[in-house]
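Start at 1 and go down the list; that is how both ligands and their atoms are numbered.
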Amino acid sequence: MKIPFVSFLPMEHELDKELRDAFERVYKRSWYIDGVEDAAFEKAFADYCGTSCCVGTGNGLDALMLALKALGVGRGDEVIVPANTFIATALAVTYVGATPFFVDADIRTFNIDPSGIEDKITEKTRAMIPVHLYGQPCDMDSIMDIAKRHRLYVVEDCAQAHGATYRGRKVGTFGDAAGFSFYPGKNLGALGDGGTIVTDDEDVAKKARALGNYGSDYKYHHIYQGHNSRLDELQAAFLSVKLPHLDRMNEGRRRIARKYLKGIKNPAVILPYVPEYADPVWHIFGIRCKRREELEKHLNEAAIGTNKHYPIPVHLQECYRDLGFKKGDYPVAEEISATELSLPMYYGMPDEEVQYVIDAVNKFE
Ligand SMILES: *Cc1c(COP(=O)(O)O)cnc(C)c1O
């Protein structure tokens, strides 16, 4: 048996006709940017999240960056971000000219540890970007409480958490705005790049939309030095096909996660922990193991695809060497990056494959 880390085939097989029809529909209309498909998807995604506004963007990184810009975060400002995240969270901050202040992770949830946030707040702190990493919601009550007390904007990074809930409420609805990615591998993925901002603040939505469209409020009238970052009609049409299936497909991931959580019994392996407030959507199923490289080799030899999220923490990336961090500055994020191993997880993964992975992990000594 050969088990890929991720496969889109079961989903694409199920939605094959609808996706082809969506292509035909757009192609026949012959209108590719800023049209009815984008408007329809934005409305549907806002309804899905429970927000009043949704603004399509070219990708998830731009969604975060444009949200920060629309909130007025820029040069001279500091933004709190988790030390354990994908690079895009920090890049959104540095793109707008602000400085990221990292906060270490909670070793159990992999997410930002709220108890470390207040130490990093200065007079210059303007915003926080909690990341619902691996599809697991952050401790939002604690985060929003800190944000209120210090009057900080909150931009949620929901790139891995479409449909996840915190105490029954969808992520992306807690902060001032949220950024989503529709990169193909995300829980809701396009057939290319795409992203969106959701917010209840109409002014922020309006500004973000203008910023993503050359800073223009109406054609050839430019109020900001903007960007070109829009959700195109084809991707919006594909996303409209997939969105009605998102909850069901997330449920498919939850089923696999439950099997892993129940079936994996190996003292060398630490399973993911789900706090009582969280209903995660398992973008990634990340286990930890002190002998991670050996475990990875063992699984790969059994033809099981694996991944590491992420092998080098953001503060130690070469692109941020000017920030002056060194090994040991964020011990928990470093521990995660040295021990985390992601197991295969995708909608439609067959039960025999899940069982094969469980058995292979259990056989590791
Ligand atoms: C994927 C991702 C992004 C960026 O999304 P893109 O669409 O790839 O630009 C941002 N944050 C996190 C946590 C991600 O996983």
Side-chain angles (χ1 to χ4, degrees), residues 5-6 8 41 45 54-69 79-96 100 102-103 105 109-112 127-138 140 143 154-164 171-172 175 177-198 208 211-212 227-232 234-236 238-239 242 250 253 280-286 307-315 317 319-320 333 336-337 340 342 345-346:
F5 175 67
V6 67
F8 306 145
F41 175 71
F45 196 68
C54 173
V55 179
T57 60
N59 54 65
L61 167 58
D62 285 356
L64 295 171
M65 184 266 288
L66 294 169
L68 288 173
K69 261 197 170 173
V79 179
I80 303 282
V81 296
N84 185 45
T85 185
F86 178 55
I87 190 87
T89 317
L91 285 175
V93 174
T94 50
Y95 269 14
V96 303
F102 297 105
V103 171
T109 63
F110 301 117
N111 275 329
I112 193 166
M128 286 196 261
I129 311 184
V131 182
H132 309 293
L133 203 68
Y134 312 154
Q136 164 117 283
C138 295
M140 289 313 289
I143 289 169
V154 173
V155 174
E156 293 172 71
D157 182 339
C158 301
Q160 303 188 356
H162 318 64
V171 300
F180 284 84
S181 163
F182 303 127
Y183 177 80
K186 302 296 164 93
N187 291 41
L188 178 60
L191 308 189
D193 275 316
T196 196
I197 299 162
V198 297
L211 281 167
H227 304 259
N228 173 9
S229 185
R230 303 166 296 208
L231 185 63
D232 69 67
L234 266 178
Q235 298 308 335
F238 296 142
L239 289 164
K242 288 191 174 182
N250 277 341
R253 290 174 180 265
V281 291
W282 302 103
H283 175 61
I284 282 166
F285 192 92
N307 234 313
K308 297 166 194 165
H309 296 91
Y310 294 89
I312 304 170
V314 180
H315 67 283
Q317 291 287 354
C319 64
Y320 284 134
I336 292 169
S337 81
E340 192 275 349
S342 308
M345 165 62 76
Y346 58 91

Among protein heavy atoms, which sits nearest to atom 9 (O) of ligand 1, and what does the distance come to when rounded to 0.1 Å?
Leu61 N, 2.9 Å
Hey, what's the ring geometry for Phe102 with His315, parallel, tilted or perpendicular (30° and 60° as the breaks)?
tilted
Ligand 1 atoms nearer than 4.0 angstrom to some heavy atom of Ala159 are 2 (C), 3 (C), 10 (C), 11 (N), 12 (C), 14 (C), 15 (O)
Which heavy atom of the protein is the closest neighbour of atom 15 (O) of ligand 1, given with residue, atom name and distance?
Gln160 NE2, 2.8 Å
What protein heavy atom lies closest to atom 13 (C) of ligand 1? Include the residue and the distance to one decimal.
Asp157 OD2, 3.5 Å
Subset of ligand 1 atoms that lie under 4.0 Å from at least one heavy atom of Asn59:
7 (O), 9 (O)
Are Phe238 and Phe182, when compared by the centres of their aromatic rings, separated by less than 6.0 Å?
no
Is the distance from the ring center of Tyr183 to that of Phe86 below 6.0 Å?
no
Indicate yes or no: does an N/O atom of Phe182 lie under 3.5 Å from an N/O atom of ligand 1?
no
Residue-ligand contact His283/ligand 1, heavy atom below 4.0 Å
no
Tell me whether the rings of His309 and Tyr134 are parallel (<30°), tilted (30 to 60°) or perpendicular (>60°).
perpendicular
What do you reckon, does Asp193 have a nitrogen or oxygen under 3.5 Å from a nitrogen or oxygen of ligand 1?
no
Ignoring hydrogens and angles, state whether a donor on the side chain of Thr89 or Asp157 is under 3.5 Å from an acceptor on the partner side chain.
yes
Nearest heavy-atom neighbours spanning Leu61 and Ala92
CD1-N, 3.6 Å
Considering all heavy atoms of both residues, which atom of His162 and which atom of Ser181 are nearest to each other, and what is their separation?
NE2-O, 2.7 Å
protein heavy-atom neighbour closest to atom 1 (C) of ligand 1 works out as Lys186 NZ, 1.6 Å
Nearest protein heavy atom to atom 8 (O) of ligand 1, by residue and atom, and its distance?
Ser181 OG, 4.0 Å
Can you sort out which atoms of ligand 1 are near Ala88, meaning under 4.0 Å from one of its heavy atoms?
3 (C), 4 (C), 10 (C)
Look only at interatomic distance and state if Tyr183 has a nitrogen or oxygen under 3.5 Å from any nitrogen or oxygen of ligand 1.
no
Verify ring pair (Phe, Tyr, Trp, His ring centres under 6.0 Å) between Phe8 and Tyr346, making sure each step is shown before the conclusion.
CA-CA 8 Å; Phe8 306 145; Tyr346 58 91; 8.7 Å; no
Close approach, Val131 and ligand 1, non-hydrogen under 4.0 angstrom:
yes
Just one of Val131, Ile129, Val103 clears the side-chain contact (heavy atoms from CB on, under 4.5 Å) bar with Ile112, so which one?
Val103
